[in-house]
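Values in this document were obtained by computation on a predicted structure and should not be read as measured data.
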Amino acid sequence: MTSLQPIETVQLGDRAFESIREAIVRTELPPGAPVKDRELAELLGLSRTPVREALHRLEAAGLLTARGRGGWVVTPFSEQDVHELFELRRRLEPAGLDRLEAEPDDEAIERIATFFDGYQHPILPDRFDDYFSQDHSFHTFLVACSKNVRLQGFYSVIESHIVRGRHYLSSGVPQRIDDTLDEHTGIAEAVGARDFELARQRLLAHLRTGEARMTEQLRQKLAAD
């Protein structure tokens, strides 16, 4: 009876969490938007129990803020958020470079060195999503090189906030995207040459520039609103 195979148990709370998290990160639910479990349950075709479970997890991750009885709002995105997130990134992301310097991994070093080989100037709008996915993967892989599972888990929470900020401030993308390619390839080339001190310097400079640019974009958006 090949048709009668064990059916994978799907945790509805996990599916609700991923769906709502994605809506928040992509700013389909923008900063400050009210969130109600009853309305989301109807949209997702679920009972309120897994939805509430998901909302509490999103609150713990800092993406939602509790408001009143049974309600939440999407956490605002402020200049303080930008500064705190980038401060954490500057502390966490170099850990992968530190580990590679102490315990060289030829395969990981080669992967980093060639991470952006498929891109060149100018990056056209139809490749923005692809490039941003590669950007995200690059920084995530740097952290993974630390081989610290807890650090990677903590970083994944931070990345959700950074990607949310990128979507929220997407109007500033064209002016910055080609600059980030140069910054990324500079880091990759330094790692390929096994000059980890230079790679750290370039990584930190890239993050400082990203923080300044995101702060500027946020100020412009708030002024326009």
Side-chain angles (χ1 to χ4, degrees), residues 21-22 25-27 81-170 172-215 217:
R21 187 193 70 83
E22 185 70 7
V25 167
R26 298 186 67 84
T27 64
D81 293 316
V82 174
H83 297 319
E84 290 180 357
L85 290 168
F86 274 93
E87 180 181 2
L88 288 170
R89 291 184 70 184
R90 287 193 295 270
R91 292 176 181 273
L92 298 178
E93 292 188 23
L97 298 177
D98 295 342
R99 186 64 174 260
L100 286 175
E101 184 175 29
E103 301 175 13
D105 180 329
D106 293 344
E107 184 176 342
I109 290 170
E110 176 64 17
R111 182 177 175 189
I112 292 170
T114 59
F115 223 93
F116 293 94
D117 282 1
Y119 299 89
Q120 58 187 7
H121 294 303
I123 298 178
L124 301 177
D126 63 356
R127 293 207 70 189
F128 281 1
D129 285 346
D130 174 67
Y131 175 76
F132 285 137
S133 177
Q134 191 75 350
D135 178 343
H136 173 82
S137 297
F138 180 70
H139 289 278
T140 302
F141 186 71
L142 286 180
V143 173
C145 288
S146 70
K147 299 182 180 179
N148 184 320
V149 176
R150 289 179 174 81
L151 190 155
Q152 292 176 64
F154 186 59
Y155 185 79
S156 69
V157 175
I158 296 171
E159 269 294 277
S160 291
H161 290 272
I162 291 292
V163 175
R164 180 171 77 118
R166 180 181 293 148
H167 282 286
Y168 182 49
L169 304 171
S170 59
V173 164
Q175 301 97 313
R176 172 81 176 125
I177 191 167
D178 284 319
D179 292 338
T180 68
L181 177 58
D182 291 337
E183 293 164 15
H184 286 134
T185 54
I187 299 164
E189 288 169 359
V191 172
R194 303 190 183 224
D195 188 339
F196 293 101
E197 180 57 34
L198 179 59
R200 272 189 290 271
Q201 292 174 9
R202 289 178 173 176
L203 173 61
L204 292 174
H206 166 62
L207 293 174
R208 284 193 294 270
T209 301
E211 177 181 3
R213 183 58 180 164
M214 187 170 280
T215 301
Q217 289 173 289

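- L142 contributes atom CG, which lies 6.5 Å from atom CG of L203 (distance to the nearest 0.5 angstrom).
- A salt bridge is absent between R164 and D81: the closest approach of a Lys/Arg side-chain nitrogen to an acidic carboxylate oxygen does not fall below 4.0 angstrom.
- Distance check, rounded to the nearest 0.5 Å: CD1 of I158 to CD of E84 gives 10.5 Å.
- A distance of 9.5 Å separates CZ of F86 from OG1 of T209, quoted to the nearest 0.5 Å.
- Proximity of T185 to Y119: side-chain heavy atoms (C-beta onward) are nowhere separated by under 4.5 Å.
- Residues T180 and R213 form no side-chain contact, since every pair of their non-hydrogen atoms from C-beta on lies 4.5 Å or further apart.
- With rounding to the nearest 0.5 Å, the separation of CZ in F132 from OG in S137 is 13.5 Å.
- Just one of V82, V25, L85 meets the side chain to side chain contact (heavy atoms under 4.5 Å, CB included) condition when paired with H161; it is L85.
- Taking CD from E159 and CG from L92, the interatomic distance works out to 10.5 Å, rounded to the nearest 0.5 Å.
- The environment of CZ in R200 is crowded: more than 12 heavy-atom neighbours from other residues, nucleotides or ligands sit within 6.0 Å.
- For the residue pair V191 and F196, the shortest heavy atom distance occurs at CG1-CE2, 4.3 Å.
- Annotation: ring pair (Phe, Tyr, Trp, His ring centres under 6.0 Å) contacts of F141 (sequence neighbours excluded): none.
- Across every non-hydrogen atom of G186 and R202, the tightest pair is O-NH1, 2.7 Å.
- Note that CG of D179 and NE2 of H206 are 11.0 Å apart. Values are rounded to the nearest 0.5 Å.
- Counting only heavy atoms from C-beta outward, the side chains of E211 and H83 approach each other to under 4.5 Å.
- Between M214 and G165 the shortest heavy-atom distance is CE-C, 4.1 Å.
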Quick one: side chains of residues 106-113, donor-acceptor pairs under 3.5 Å with protein atoms, not counting sequence neighbours, listed by atom name and distance.
unit_1: D106; atom_1: OD1; unit_2: R194; atom_2: NH1; d: 3.3
unit_1: D106; atom_1: OD1; unit_2: R194; atom_2: NH2; d: 2.7

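- A side-chain hydrogen bond (donor to acceptor under 3.5 Å, both in side chains) with E93 holds for exactly one of R90, R89, R91; it is R89.
- Applying the salt bridge (Lys or Arg N to Asp or Glu O under 4.0 Å) criterion to R208, with sequence neighbours excluded, gives no partner residue.
- Classification of the Y131-F116 ring pair by plane angle, with boundaries at 30° and 60°, yields tilted.
- Side-chain atoms of Q217 and Y168 form no donor-acceptor pair, as typed in the model, at a separation below 3.5 Å.
- The local environment of CD in E197 is crowded, with over 12 non-hydrogen atoms from other residues, nucleotides or ligands closer than 6.0 Å.
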